[in-house]
Amino acid sequence: MVENDKFDAARAEMHRRAIGRWENEGGSEIGWSDPPDASTVAGEIGDAEEANIRVRLIALENLVVALLAGAPDDRSDLAREMARYISPRPGATPHRLTIEAARNMLAIVERAAQYRDKVD
């Protein structure tokens, strides 16, 4: 039982760290941002660039589905658990993008489950 408690505590700590990185944009608030004199020029992306990003996103999503389809069940369980962690917490203001991200994560896990029998 003691080992299981250590595992649960370690998992909770990993989740806390992951969410902490997400909430501060990957650490940008702790000094990892550009120096004050650095300038970045970023204009709006064009139609071709936007289309390229969409195509790459679709490809990445399908790769994740394929990887989850062949992964052990605990990987899908972990993805579901992470979706619950990014869902609005009690007392927090729900944000549309966060809610949609959690829904998309769950949809990807469910799509992967449909392909599991084809992997074996």
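Being a predicted model, the structure only gives us computed values, none of them experimental.
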Shared hydrophobic cluster for L78 and Y85 (ILVMFWY, side-chain gaps under 4.5 Å): no
If every non-hydrogen atom of S76 is compared with every non-hydrogen atom of R116, which pair is closest and at what distance? OG-NH2, 3.1 Å
Does A102 offer a backbone N or O that forms a donor-acceptor pair with the side chain of R84 under 3.5 Å? no
Check whether more than 12 heavy atoms from other residues, nucleotides or ligands sit under 6.0 Å from atom CG of D74, and answer yes or no. yes
Q114 and V65, any side-chain heavy atoms less than 4.5 Å apart: no
Side chains of H95 and I99: closer than 4.5 Å at any heavy-atom pair? no
Under a single-linkage definition using a 4.5 Å side-chain heavy-atom cutoff for Ile, Leu, Val, Met, Phe, Trp and Tyr, are I108 and L106 assigned to the same hydrophobic cluster? no
With a 4.5 Å limit on heavy-atom distance, are the side chains of I86 and M105 in contact? yes
Hey, is R96 close enough to E100 for a salt bridge, meaning N to O under 4.0 Å? no
Flag the pair V64 / L60 as yes when at least one side-chain heavy-atom distance between them is below 4.5 Å, and no otherwise. no
Would you say the side chain of R80 lies within less than 4.5 Å of the side chain of D77, judging by non-hydrogen atoms? yes
Mark yes or no for whether N62, through its side chain, and I58, through its backbone, hold a donor-acceptor pair below 3.5 Å. yes
Pairwise distance CD(E44) to CD(E50) - rounded to 0.5 angstrom: 10.5 Å
To the nearest 0.5 Å, atom OG1 of T98 lies from atom CZ of R103 at 11.5 Å
